[in-house]
Amino acid sequence: MNAAPKYVVSSTLTEVGQWQGSRLITGDDIVGRLRDLKQQPGGNINVAAAARSSSGL
């Protein structure tokens, strides 16, 4: 898990701390940024989130 890239989506965080390979996604176009991630090569996107947060993915 540490080797995998991780994306943290938040409207309140300003940094993701020290979790290796983590990137923070914030802003007004979160859906667009996630759409761009889904178009990149490399396999599936695994989601660990509340149902409300991930229902639009």
Next on the checklist: Going by the rule side-chain contact (heavy atoms from CB on, under 4.5 Å), which residues pair with Leu24 if we only count those two or more places apart in sequence or in a different chain?
Outcome noted: Val8, Ser10, Leu13, Val16, Thr26
Next on the checklist: Let me confirm one number: the CD1-OG distance from Ile25 to Ser11, rounded to the nearest 0.5 Å.
Outcome noted: 13.0 Å
Checklist entry - Do Val31 and Val9 sit in the same hydrophobic cluster, where Ile, Leu, Val, Met, Phe, Trp and Tyr count as joined when their side-chain heavy atoms come under 4.5 Å apart? => result no
Next on the checklist: Looking at Asp36, I want to see if its CG is surrounded by more than 12 non-hydrogen atoms of other residues, nucleotides or ligands under 6.0 Å.
Outcome noted: yes
